[in-house]
Amino acid sequence: MKSILTPLGPKADKDTVRRHNLSLVLRAVRDEGEHGEATRAGVAARVGLTRAAVSSLVEQLMAGGFLTESGKTFSGQAGRPGTALKVARTGPAGLGVEINIDYVSVCVVDLAGAGRIRRTEHLDNRGAPADEALARAARIAARTLDAASEQELRPVGATLALPGLISGGSVRQAPNLGWNEVPAQELFADALAALRPGRPALPVASENEANLAALAELWFGDLDDVRSFLYLSGEIGVGGALVLNGELLRGAHGFAGEIGHVVVDPAGPACRCGSRGCLEQYAGQSALLRAAGIEGPGGAPGMAELERRAAGGDPRAVDAIGGAGRMLGRVLSGAVNLVDPDAVVLGGIYRGLMPWLSPPAAEELSGRVVSGLWSPGGGRLRASSVAGDAARGAAALVVQDVLDDPVAYAEPVGAAGA
């Protein structure tokens, strides 16, 4: 049998260990703060370090602008009260920029994961050249960065959330935008830098928008103990992402999750991807509005009208949503049989359509999933949380980098003691 060796990293030196422990302490304070108050003693008990070591690490994190302390907290046990530690509400933060077919949304997330600033503009990006659409997004991002500065927040990086196949900073293919081989990351970074002369260039990364929405759902949603789920993002197209045991599955080339281009009917309508009968031709926003007989502008106005008609019992609207639900359920049943997630989460436009979309989708899942675990009303098919979206997931991805290695983002740099 051929031996497969896992590549080994370099030996951990003193500096590497300290950087790792700084990350441990920062994450512990953030997590404890979600459920109460964090103290040095409580953090030491959680991470398995001595109180003295934690105190030294806390001082460095405070000097770097990551932590603050306030007041006294009483544990009810003997001894002196501890000082409450909190993740700083100022300083390092993340910037997320979602560029979708008919809107751009930008947000700033602080170290605690809170969304602090949000700007959304409804724009039709389908007819715009890629560089123009990215420049418009950069202008919105620049205004958002100015607003962050007013709150003493310092975004240390930006992540682009983009539809389609994303790899190496480029959009390999985004059929609904009409983009092919677009160096989106570079174009956006250059446009943003030109709007902020004299300031350090902001590092920019990029990721598929459904992947980032799924991460936002994992980090901020109402999943309770669910750590393996399939996420569907309904917009003009249909995006998908798979999270297994708390980790995003990107695939060998970063293209996993393109469920919107699973073929439902080979003789069906032509799709922008070049195939025919793709799922999004039956369950995407345009397909839903067309089936419901809603003409005029799509996007938020069209979907609001569809929801209004469905709530009023309009047969054509209800039938359109039900038909989309059945197609979703058929495709989802194959995915569920393949990867066995605990739940399917429907986001984007699907969240508001769940009263009419969910029953036919659940019926298809119940009849087609071989495990027998997907009975209607079982709670495995659910709407996404309002707290999770691609822009917030994009910003939070930057914050995760800060939490992983706070030393790299400290300003000013604190003293690194023993």
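Computed from a prediction, not measured in an experiment: that's the story for all the values here.
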State, with a plain yes or no, whether a side-chain heavy atom of Tyr231 is found less than 4.5 Å away from one of Leu218. no

Under 3.5 Å: donor-acceptor pair, side chain of Ser23, backbone of Leu403: yes

Please report the interatomic distance CZ(Arg126) to CG(Asn100), rounded to the nearest 0.5 Å. 10.0 Å

Can you tell which of Leu177, Val171, Asn125, Asn176 makes a side-chain contact (heavy atoms from CB on, under 4.5 Å) with Pro163? Leu177

Test Glu258 against Leu165 for side-chain contact (heavy atoms from CB on, under 4.5 Å), laying out the working first. CA-CA 8 Å; Glu258 289 295 324; Leu165 304 180; 3.5 Å; yes

Say you draw a straight line from CG of Asn245 to OG of Ser228; how long is it, rounded to the nearest 0.5 Å? 4.0 Å

Got a salt bridge between Arg118 and Asp389, using NZ or NE/NH1/NH2 to carboxylate O under 4.0 Å? yes

Could you check whether any side-chain heavy atom of Tyr282 comes within less than 4.5 Å of a side-chain heavy atom of Pro269, counting everything from C-beta outward? yes

So Leu230 and Val339, do their side chains get closer than 4.5 Å, heavy atoms only? no

Indicate yes or no: at least one non-hydrogen side-chain atom of Leu373 is less than 4.5 angstrom from one of Arg380. yes

Rounded to the nearest 0.5 Å, how far apart are CG of Asp31 and CG of Leu26? 9.5 Å

To the nearest 0.5 Å, atom CZ of Arg143 lies from atom CZ of Arg119 at 6.5 Å

Considering only NZ, NE, NH1 and NH2 on the basic side and carboxylate oxygens on the acidic side, decide whether Glu364 and Arg330 come within less than 4.0 Å. yes

Might you work through the side-chain contact (heavy atoms from CB on, under 4.5 Å) test for Ser167 and His253, ending with a clear yes or no? CA-CA 7 Å; Ser167 177; His253 306 97; 5.8 Å; no

Hey, is Arg40 close enough to Glu59 for a salt bridge, meaning N to O under 4.0 Å? yes

Could you tell me whether Asp314 and Arg316 make a salt bridge, using a distance below 4.0 angstrom between a side-chain N and a carboxylate O? no

Ion pair check, Asp146 and Arg199, cut-off under 4.0 Å: yes

With a sphere of 6.0 Å drawn around CD of Glu363, does it hold more than 12 non-hydrogen atoms of other residues, nucleotides or ligands? no

Which heavy atom in Leu288 sits nearest to a heavy atom in Ala283, and how many Å separate them? CD1-O, 3.9 Å

Minimal heavy-atom distance between Glu32 and Ala38, with the atoms involved, is CB-CB, 3.6 Å

Any side-chain heavy-atom pair from Val398 and Val156 closer than 4.5 angstrom? yes

For the pair Trp179 and Leu134, evaluate side-chain contact (heavy atoms from CB on, under 4.5 Å) and give the outcome as yes or no after the intermediate values. CA-CA 12 Å; Trp179 293 7; Leu134 289 158; 4.0 Å; yes

Shortest non-hydrogen contact from Val399 to Val109? CG2-O, 3.6 Å

Can you name the closest pair of heavy atoms from Ala287 and Gln281 and give their distance? CB-O, 3.2 Å

Identify whether the distance between the nearest side-chain nitrogen and carboxylate oxygen of Asp222 and Arg382 falls below 4.0 Å. no

Donor-acceptor under 3.5 Å (Ser366 side chain, Ala362 main chain): no

Return yes when atom CD of Gln400 has more than 12 non-hydrogen atoms of other residues, nucleotides or ligands closer than 6.0 Å, and no otherwise. yes

Would you say Gln185's side chain and Gly168's backbone share a donor-acceptor pair under 3.5 angstrom? no

For atom CZ of Arg27, is the number of surrounding heavy atoms from other residues, nucleotides or ligands below 6.0 Å larger than 12? yes

If the threshold is 4.0 Å, N to carboxylate O, is there a salt bridge linking Glu207 and Arg250? yes

Quick one, Val331 and Met327 - any side-chain contact, counting heavy atoms below 4.5 Å? no

Looking at Arg139 and Glu121, is any side-chain nitrogen of the basic one under 4.0 Å from a carboxylate oxygen of the acidic one? no

Could you check whether Asp265 pairs with Arg276 (Lys NZ or Arg NE/NH1/NH2 to Asp/Glu carboxylate O, under 4.0 Å)? no

For Leu24 and Leu57, run side-chain contact (heavy atoms from CB on, under 4.5 Å): C-alpha distance rounded to whole Å, both residues' side-chain angles, the deciding distance at 0.1 Å, then the answer. CA-CA 10 Å; Leu24 276 181; Leu57 295 165; over 6 Å; no

What I'd like to find out is whether the side chain of Asp102 reaches to under 4.5 Å of the side chain of Gln285, using heavy atoms alone. yes

One should read off an interatomic distance between Gln173 CD and Cys273 SG, to the nearest 0.5 angstrom, of 7.0 Å

Just wondering, are more than 12 heavy atoms of other shown residues or ligands nearer than 6.0 Å to CD in Glu247? no

Is it true that Glu181 and Arg172 have a side-chain N and a carboxylate O under 4.0 angstrom from each other? yes

Picking from Thr90, Ile117, Val108, Asp110, what satisfies side-chain contact (heavy atoms from CB on, under 4.5 Å) with Gln151? Ile117

Tightest non-hydrogen contact, residues Glu209 and Ala390, listed as O-CB, 3.4 Å

Please check: side-chain N/O of Asn337 versus main-chain N/O of Val370, any donor-acceptor pairing under 3.5 Å? yes

Find the distance between CG (Leu111) and CZ (Phe66) and round it off to the nearest 0.5 Å. 7.0 Å

Would you say that Leu289 contacts Glu305 through its side chain, given a criterion of any heavy-atom pair below 4.5 Å between the two side chains? no

If only atom types and distance count, is the side chain of Thr159 paired as donor or acceptor with the main-chain N or O of Ala394 below 3.5 Å? yes

More than 12 heavy atoms from other groups under 6.0 Å of CD on Glu186: no

If you take all heavy atoms of Ala130 and Val182, which pair is closest and at what distance? CB-CG1, 3.6 Å

